[in-house]
Amino acid sequence: MGPQLKFLARPQLVCSQPICFRTSFTIFPLSRCFSTTSPAFDWLTPKFMEKSKSPKGRPHVATGGSSRGTTVVWGDYGLRMKDHDRRLPAASLKIAEETIKRRLRGMNYTLYKRVSANIGVYTKGNEQRMGKGKGKFDYWTARVPVSRIVFELKGDIHEKIAREAFRLAGHKLPGLWEFVKNGDPPVVGITKLGNGVTLESLKRARRDPPLGTNNLPTSPSSTSSSPSASQ
């Protein structure tokens with residue numbers, strides 16, 4: 001072992017080492033064959049399993065005047081559910097995504113996913129007795145309410161090509177689907193806003209109040225409870 005290597009092997013301060021030794025050596029980062037970072041989030045599979053088995057349930061349809069998730073936000077075109085709410089399996093969503101990518105192969109675009117399959121479905125085999133839990137895990141699914149945007153598309157793509165890609169993807173998914181563009185009016189339930197239909201008109205009472213009761217502080221009582229009617 002040479003004198004220079006013995007000098008480096010002894011624990012000494014950096015400031016006591018000559019300048020030639022401090023400038024000639026380069027520190028390389030430690031490379032490992034594995035990564036300690038968490039895997040990327042997948043929209044078809046949640047990161048963690050469910051702590052408790054989720055019930056079958058049904059998608060929550062906002063009927064109180066909410067139009068959240070019914071318009072195109074990030075892209076130029078979108079695919080929206082048309083008929084009614086349902087559960088979409090992760091396998092069907094993956095096939096629809098692959099269909100869109102296959103049709104738009106070689107084009108400059110960005111595909112956005114507005115839903116995530118985070119609900120577990122548990123099934124039991126045939127000829128099983130009743131009880132004893134819900135069964136074993138089967139597949140992941142997403143609860144999609146009516147008039148919800150599932151896919152959005154943005155890029156240098158003609159409208160006809162995007163419409164064709166979403167038409168092919170809609171055939172791979174259960175239910176009826178429609179093609180929407182950025183700027184189309186939102187939907188409340190199954191009612192599209194526009195052409196005189198506003199959110200205020202939907203929240204208004206279906207029946208007109210009786211004549212002369214518009215400016216009353218309280219609603220009029222029924223005739224059966226009035227003292228004149230009891231006499």
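- With hydrogens and angles ignored, the 3.5 Å screen pairs a side-chain donor or acceptor of Lys124 with a backbone N or O of Gly131.
- Note that CD of Glu178 is 10.0 Å distant from CG of Asp83, once rounded to the nearest 0.5 Å.
- At a threshold of 4.5 Å between non-hydrogen side-chain atoms, the residues Leu93 and Leu173 count as touching.
- Across all non-hydrogen atoms, the minimal contact from Lys53 to Glu50 is CA-OE1, 4.1 Å.
- Looking at Ser54, its side chain does come within 3.5 Å of a backbone N or O of Gly120 through a donor-acceptor pair.
- The minimum heavy-atom distance between Lys172 and Ser92, with the atom names listed, is O-CB, 4.2 Å.
- Taking each heavy atom of Asn182 and Gly75 in turn, the nearest pair found is ND2-O, 3.4 Å.
- For the pair Val144 and Pro59, the minimum side-chain heavy-atom distance is 4.5 Å or more.
- Counting all heavy atoms, side chain and backbone alike, Pro145 lies closest to Asp85 at CA-CB, 3.6 Å.
- Rounded to the nearest 0.5 Å, atoms CE (Met107) and NZ (Lys101) are 15.5 Å apart.
- Under the 4.5 Å side-chain contact rule for hydrophobic residues, Ile149 and Phe151 do not share a cluster.
- In this structure, the separation between CD1 on Ile95 and CZ on Arg102 is 9.5 Å, given to the nearest 0.5 Å.
- Across every non-hydrogen atom of Glu159 and Lys181, the tightest pair is OE2-CD, 3.5 Å.
- The existence of a salt bridge linking Glu152 and Arg114 is confirmed by a sub-4.0 Å separation between a basic side-chain nitrogen and an acidic carboxylate oxygen.
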> Are Lys94 and Glu97 close enough, and set up right, to give a salt bridge (charged side-chain N to carboxylate O under 4.0 Å, His left out), and what steps lead you there?
Replying inline: CA-CA 5 Å; Lys94 183 179 180 180; Glu97 180 189 11; over 6 Å; no

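- Between Asp184 and Val72 the shortest side-chain heavy-atom distance does not fall below 4.5 Å.
- Looking at heavy atoms from C-beta onward, Lys192 lies out of side-chain contact with Thr70 at the 4.5 angstrom threshold.
- Under the 3.5 Å distance criterion, the side-chain polar atoms of Ser147 are matched with a main-chain donor or acceptor of Gly189.
- The shortest distance between side-chain heavy atoms of Met81 and Trp177 falls below 4.5 Å.
- Atoms CZ and CZ, on Arg87 and Arg58 in that order, are 9.5 Å from each other to the nearest 0.5 Å.
- With values rounded to the nearest 0.5 angstrom, Trp43 atom CH2 is found 12.0 Å from Asn118 atom CG.
- Between Lys154 and Trp74, the closest side-chain pair of non-hydrogen atoms is not below 4.5 Å.
- In this structure, Phe166 and Phe179 have tilted ring planes: the angle between them lies in the 30° to 60° band.
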> Taking it one step at a time, do Arg163 and Tyr77 satisfy side chain to side chain contact (heavy atoms under 4.5 Å, CB included)?
Replying inline: CA-CA 8 Å; Arg163 188 183 295 271; Tyr77 311 103; over 6 Å; no

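- At least one donor-acceptor pair under 3.5 Å links the side chain of Thr141 to the backbone N or O of Leu88.
- Scanning both residues, Leu79 and Ala169, for their nearest heavy atoms gives CD2-CB, 4.4 Å.
- Interatomic distance, Leu104 CG to Leu111 CG, rounded to the nearest 0.5 Å: 8.0 Å.
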